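Notes follow the structure.
Computation of the quantities below employed the complete heavy-atom set of this structure, encompassing side-chain atoms and omitting hydrogens, waters and symmetry-equivalent molecules. Source: prediction; values computed, not measured.
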Number of protein chains: 2
Amino acid sequence: MKNIRIKDIAVKAKVSAGTVDRVLHDRGNVSEKVKERILKIIEEMNYEPNLMARALGTKKEFHFVALIGDPRYDAYWLDPKAGIQKAAKEARQYGVKVTLLMFNPYDPGSFVKKAEEASKLNPEGILLAPMFYREVLPFFEAWKKQEIPFVLFNTQIAEFDPLSYIGQDSYQSGQVAGKLIHYGQPQGSSILIAHIDEEISNSAHLTKKEQGLRNYFIQNNLDHQYEIIKAELNLRNYAMFVEQLDSIFESNPQLQFCFVTTSKAFEIAKYFEQKFINHIRIVGYDLIPQNLHYLNKGAISFLINQNPLGQGYWGINQLVNHLVFKKEISAIKFLPLDIVTKENLNYYIEDSMLHNRF
Amino acid sequence: MKNIRIKDIAVKAKVSAGTVDRVLHDRGNVSEKVKERILKIIEEMNYEPNLMARALGTKKEFHFVALIGDPRYDAYWLDPKAGIQKAAKEARQYGVKVTLLMFNPYDPGSFVKKAEEASKLNPEGILLAPMFYREVLPFFEAWKKQEIPFVLFNTQIAEFDPLSYIGQDSYQSGQVAGKLIHYGQPQGSSILIAHIDEEISNSAHLTKKEQGLRNYFIQNNLDHQYEIIKAELNLRNYAMFVEQLDSIFESNPQLQFCFVTTSKAFEIAKYFEQKFINHIRIVGYDLIPQNLHYLNKGAISFLINQNPLGQGYWGINQLVNHLVFKKEISAIKFLPLDIVTKENLNYYIEDSMLHNRF
DNA sequence: TAAAAAAATGTGTGCGCACACAATGTGTTT
DNA sequence: AAACACATTGTGTGCGCACACATTTTTTTA
């Protein structure tokens, strides 16, 4: 009936609590015979440790490092940062300290510098957004050697199996976009895929989103009804950005949808606003303020929420669960592909993400 | 730096831990002067109790009752039940026991009987889905007198302020449906609102959903472009149900959308399947297996997820937080209005709702 | 003014666990 | 057989809190 404790097991096995403890933590110094007996009883009685007591008793300190983009360069990172801080605050009472290291998300060199710093701190665990594929690989090796477990979020990199990956299934999000476009124009239409402001060569997830969209139409035998145009755009030179768009929309007057694979959908919306274009519907990513502005105006139809707050929150949580509570954790944690529109927006912003959801 | 404990406060206030404890729990027997001094220090030092230790130390037992619909009559209730059980399992180690009482959701008498049973058990707290407005009111009064706090979910009833309400903003979900329909047919169309299988007089939320939808078009000055037809249907007599639908679709051949306010969207989809109708798009509620079947087939375009699992889970959680941890809890907890389609379905079903979300 | 009552404050214990340390037991060597 | 090493097992303490109980101080009463 009641929860079984170590002591209950000890009594049943006719040993002391210490011996049971040694078996539970596999710390040796237990005769094979007794060990097996205890193990059997643990199994039988379905023992589950009281995590409260465990956390209370241990005075061990944990030091984690979170390596993320700096919000000063890209406001997107405000949310992961907030999620991490929220989780860090909650974990503080278990002796967890989190050091935030933030790099310039447009500068691989900055990433390397911060990653080196992370290594030097020799933390018990690392949470990072491995934005730069080439640059991050040596660190994975190093951390493996240093035996520092790391959790990835935001960008999935399968190699060098991390402790866990938190994020979204980018491919599937492309499929969702496909569905939204298809539903919005069942008879077929013309679509612009816009990759804005990221090195596509270094960010596999953009390609995955594109593939997801394209395959949606192929799988549904709609590919001959939907024309897809692809563009890689850059905002470093805004005049050029506008010029490129001008050229695209002049030569493709039949365009009806724009699928923006990055968080820059608002730039397209702004462009449309300036050019008085209002017949092209936009589907994009990320609930950043600029996007929300145009979502509320109706210029952006849907945003797919990557729940960056949740990513940061769960990322730290995975480390805590693994290292502090010694729980088993899942290697991949896909967050939901929330379809956000003006009407349900309220439930996806702010820390309602932390209070109201799982 | 470190977390402050009661003892730290005691030292600073030059009293013993016991006195601080009395102040913290407002148990009296402390001189006004000392009380204020301690209170000030608590404020200053930003004391936050260690919930682990608190839970560990208390051997108090809590008994909660959950009063929900019986899944044998309506599979919808499987999810709330699962969520409740999940939360109950987690709370067991804090000495919480949850008794599930399940009533026939089509029979007010059954509800009354189970509610009486709940009263008799004299639990520390009650979680219930107050499906029958008239019948539930006397119980609210009784529980107020018995000083049993109760949490509502699924159906919102503002009167007799419950400890908390967990659920969805029904009106807003109607707005979401409006948006989906508008987006799917921007030039205007004809919509059937179907209330299936529930006493509309006794379920305010159906009306709210309808209002949400209607107001969407009014607010956006689209009401003259969109024609709305309303139907209250009943499945007790299936032949009659079909007949009613026949009559509706014959006299309204221009219908393009069907908005089902209950979880019975699949019945419409099934009807369409039999009649070889495939040009009318369906928006409904709830991820029950029958609905998912037609969602995957493409017959249902969107389902609005009410996250019933989460409702049950959070319902118990509110009671636990309030009574066990003595945390402050919010009076209303609106869960997100998830827009679910075939492509993002996977992330909204099963207990992924419990693992992957907040 | 001493005793009794009441108010205010202090002390000690257990919750379940982890871990350091103490205490056994077993076998080997001299 | 004593002395030793080593394997195995048992004991005790603290984590922060709640609460019962003990003690001290203040106030009231006779």
Sugar-phosphate only, base, or nothing, as touched by B:Ile6 at under 4.0 Å among non-hydrogen atoms = sugar-phosphate

Looking for any heavy atom pair under 4.0 Å, which part of the strands does A:Asn50 touch: base, sugar-phosphate only, or nothing?
-> sugar-phosphate

Counting distance only, does the side-chain N/O of B:Gln311 pair as donor-acceptor with the main-chain N or O of B:Asn154 below 3.5 Å?
-> yes

Does A:Asn321 reach the main-chain N or O of A:Gln318 with its side chain, forming a donor-acceptor pair under 3.5 Å?
-> no

Between A:Arg22 and A:Lys7, who's closer to the 5' end of DNA chain C by nearest nucleotide?
-> A:Lys7

5'-most by nearest nucleotide on DNA chain C - B:Ser16 or B:Leu56 | B:Ser16

Can you label the angle between the A:Phe153 ring and the A:Trp77 ring as parallel, tilted or perpendicular, going by 30° and 60°?
-> perpendicular

Name the orientation class of the two ring planes belonging to B:Tyr347 and A:Phe334 (parallel below 30°, tilted from 30 to 60°, perpendicular beyond 60°).
-> perpendicular

Position toward the 5' end of DNA chain D (nearest nucleotide), B:Pro49 or A:Thr19 | A:Thr19

Axis-to-axis angle between the two ends of the helix from C:dT1-D:dA30 to C:dT30-D:dA1 (five base pairs per end, rounded to 10 degrees) = 70°

With a 4.0 angstrom cut-off to heavy atoms of chain B, pull out the first and last contacting nucleotide of DNA chain D, in 5'-to-3' order.
-> D:dG16 to D:dC19

Determine, step by step, whether B:Ile84 and B:Leu100 satisfy the side chain to side chain contact (heavy atoms under 4.5 Å, CB included) criterion, reporting the C-alpha distance in whole Å, the side-chain angles of both residues, the deciding distance to 0.1 Å, and the verdict.
-> CA-CA 9 Å; B:Ile84 288 166; B:Leu100 260 175; 4.3 Å; yes

Given B:Tyr47, which of B:Leu24, B:Ile38, B:Asp8 fulfils the side chain to side chain contact (heavy atoms under 4.5 Å, CB included) condition?
-> B:Leu24

Those residues at least two apart in sequence (or on a different chain) that pass salt bridge (charged side-chain N to carboxylate O under 4.0 Å, His left out) with A:Lys114 are A:Glu117

Please report, rounded to the nearest Å, how far the P atom of C:dA8 is from the CZ atom of B:Arg27.
-> 15 Å

Do A:Asp79 and A:Tyr313 have side-chain atoms, one donor and one acceptor, less than 3.5 Å apart?
-> no

